[in-house]
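See structure below.
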Protein chains: 2
Amino acid sequence: MENQYAFSADERAAVYHSIFSRRDVRGQFLPDAVPDEVLARILMAAHHAPSVGFMQPWNFLLVREPQVKAQVHGLFAQAHDEAALMFAEEKRETYRRLKLEGILEAPINLCITCDRSRSGPVVIGRTHIKTMDLYSSVCAVQNLWLAARAEGLGVGWVSIFDQPALQAVLGMPAEIVPIAYLCIGYVSHFYDKPELETAGWLPRLPLADLIYYDQWGQADTQGRESLTQEVRTVQTALQTQGIAPR
Amino acid sequence: MENQYAFSADERAAVYHSIFSRRDVRGQFLPDAVPDEVLARILMAAHHAPSVGFMQPWNFLLVREPQVKAQVHGLFAQAHDEAALMFAEEKRETYRRLKLEGILEAPINLCITCDRSRSGPVVIGRTHIKTMDLYSSVCAVQNLWLAARAEGLGVGWVSIFDQPALQAVLGMPAEIVPIAYLCIGYVSHFYDKPELETAGWLPRLPLADLIYYDQWGQADTQGRESLTQEVRTVQTALQTQGIAPR
């Protein structure tokens, strides 16, 4: 179909490349400095995320001081010990062996937050679903993550923290929500697949099984929807071409 | 700096182009059908979002039946009336004039959900911050949105609904969270800027003012951080080149 707003084939491929080759990086950070120019670009990408009622509820708290990083790492270590005990015994050792953060190794740590009071109490689009502002800050995270991938930067999202303790270490008032604590830096390599998939923790789900039609639970078990076959074809084609991970 | 994982300049530009030219589309949908192949690609993009503990908590509920769309539109209309009364009187008329959804016009509606029980009760990375699974589904939304922009498709996120009513109309159990109700289709045009910015509802915030250093509230009011000037330079350069909106 003729569509003047579609990107060229090469441009589209670049966007998909960023999406399919983005990884949650934990163990491959290099100490190389991230130039301000590159950091500025990925922050601009984050700042141009969609936000409910255009409230732009985010702040970007850059953490580079070794002392602050060390405190954050301490919080991680404590929460990680607590977390291990929550897993069934047969999974606990596997859990403990996983590398789940790169706080000290990554030259840049960045906490993306949500200030729920930004732009006042009534926000267009947040009148009924109150979590919409949190979701806006998550969109900023994902924009930054994809831009970072295009810049050759790895990003890892660390979420194993006691939240009030993290807020305290970062000097954050209780009403500011730390949405994502990100480790950012250049990397020795990107993995082909998510590490948890490779480690056999969980498999990639078949996309066609996740699609419902017009009502929840109405799956295309008979293969009558033309989309079902197309999803399988696209999945195979992207994998065969090495664009999406197998 | 030499970086073998960075995309080429053209590829990077394409990724930024998708980020900066993405819009929340409400009023510009065309009735043209979206080919299954294109829909399959943007769903694949969503499915390759990061997810906490690789739980992939999302489903994709496609809504194409006019009757279901009409019911969803009815829910929007009711919530929208309620919402108008929440705004101060001087903003109420402006609010009422805004076009905030394209449910009936867009050929595809898509509800992206979060199944919090996917992969069991204990999830790596969700042990302490319980909202992480919701955030994963939001990342899927943003991946789809950027892929859609590259395909020349508009996407609009509608959030003015009573959530239990929306779940009922879509046949969704109470424990499944409808993260985003999206309208998707080709468009007559994309706006240069967010509509709420153009309408004077709120201004774009200066990015440099949103950055803190090592502690919450520690802003670079003295302009001593080299990043501050770089952020302004990058913002101006991207705007001058017509890459980011002014």
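By convention in this document, chain letters (A, B, ...) are assigned in the order of the sequence lines, proteins followed by strands, and residues within each chain are numbered from 1.
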Chain A contact via [X] - side chain, backbone, both or neither, heavy atoms under 4.5 Å:
{"X": "F54(B)", "result": "both"}
{"X": "S8(B)", "result": "neither"}
{"X": "E195(B)", "result": "neither"}
{"X": "I42(B)", "result": "both"}
{"X": "T228(B)", "result": "neither"}
{"X": "P50(B)", "result": "both"}
{"X": "A244(B)", "result": "side chain"}
{"X": "Y16(B)", "result": "side chain"}
{"X": "V68(B)", "result": "side chain"}
{"X": "V123(B)", "result": "backbone"}

Which one of [options] has the most heavy-atom pairs closer than 4.5 Å to chain B?
{"options": "A40(A), A150(A), A237(A)", "value": "A150(A)"}
{"options": "L98(A), I179(A), L153(A)", "value": "I179(A)"}
{"options": "K91(A), H128(A), R126(A), E82(A)", "value": "H128(A)"}

Exercise. Have Q4(B) and Y186(A) got a donor and an acceptor in their side chains that come within less than 3.5 Å?
Worked result: no
Exercise. Between the side chains of Y135(B) and Q142(A), does any donor sit under 3.5 Å from an acceptor?
Worked result: no
Problem set entry | Pick from I124(B), L43(B), D10(B) with the largest number of heavy-atom pairs that fall under 4.5 Å of chain A | I124(B)
Exercise. What residue, out of V63(B), L202(B), V231(B), has the most heavy-atom pairs lying under 4.5 Å from chain A?
Worked result: L202(B)
Problem set entry | Separation of L61(A) CG from Y212(B) OH (nearest 0.5 Å) | 9.0 Å
For this session: For the pair I211(A) and N59(B), evaluate side-chain contact (heavy atoms from CB on, under 4.5 Å) and give the outcome as yes or no after the intermediate values.
Result: CA-CA 6 Å; I211(A) 303 174; N59(B) 282 90; over 6 Å; no
For this session: Would you please classify the geometry between the F20(A) ring and the H48(B) ring as parallel, tilted or perpendicular, with 30° and 60° separating the classes?
Result: perpendicular
For this session: Begin with the C-alpha distance, continue with both residues' side-chain angles, and end with the deciding distance and a verdict on side-chain contact (heavy atoms from CB on, under 4.5 Å) for I129(A) and Y181(B).
Result: CA-CA 12 Å; I129(A) 297 181; Y181(B) 192 90; over 6 Å; no
Donor-acceptor under 3.5 Å ([X] side chain, [Y] main chain):
{"X": "Q56(B)", "Y": "P203(A)", "value": "yes"}
{"X": "R204(B)", "Y": "H47(A)", "value": "yes"}
{"X": "N3(B)", "Y": "E151(A)", "value": "yes"}
{"X": "D214(B)", "Y": "E65(A)", "value": "yes"}

Problem set entry | CA sep, side-chain torsions, deciding dist, call: L210(A), R118(B), side-chain contact (heavy atoms from CB on, under 4.5 Å) | CA-CA 12 Å; L210(A) 301 173; R118(B) 179 95 29 102; 3.6 Å; yes
What pairs of donor and acceptor atoms, side-chain ones from residues 158-173 of chain A against any protein atom, are under 3.5 angstrom apart with sequence neighbours left out?
| unit_1 | atom_1 | unit_2 | atom_2 | d |
| --- | --- | --- | --- | --- |
| S159(A) | OG | G125(B) | O | 2.7 |
| D162(A) | OD2 | A165(A) | N | 3.2 |
| Q167(A) | NE2 | A174(A) | O | 3.3 |
| Q167(A) | NE2 | I176(A) | O | 2.7 |

Problem set entry | Residue M86(A) versus chain B: region with a heavy atom under 4.5 Å | both
Exercise. Mind checking whether T113(A) and W216(B) have side chains closer than 4.5 Å, heavy atoms only?
Worked result: yes
Problem set entry | Chi angles and distances behind the salt bridge (Lys or Arg N to Asp or Glu O under 4.0 Å) call for E11(B), R149(A) | CA-CA 11 Å; E11(B) 288 172 322; R149(A) 180 62 193 85; over 6 Å; no
Exercise. Are the aromatic rings of F190(B) and Y5(A) close, with centres under 6.0 Å apart?
Worked result: yes
Problem set entry | Worked check of side-chain contact (heavy atoms from CB on, under 4.5 Å) between M44(A) and L207(B) | CA-CA 7 Å; M44(A) 268 290 278; L207(B) 171 56; 3.8 Å; yes
Exercise. Do the charged groups of R41(B) and E230(A) touch, with an N to O distance under 4.0 Å?
Worked result: no
Exercise. Which residues pass the side-chain contact (heavy atoms from CB on, under 4.5 Å) test with S136(A), sequence neighbours left out?
Worked result: S51(A), V52(A), P57(A), W58(A)
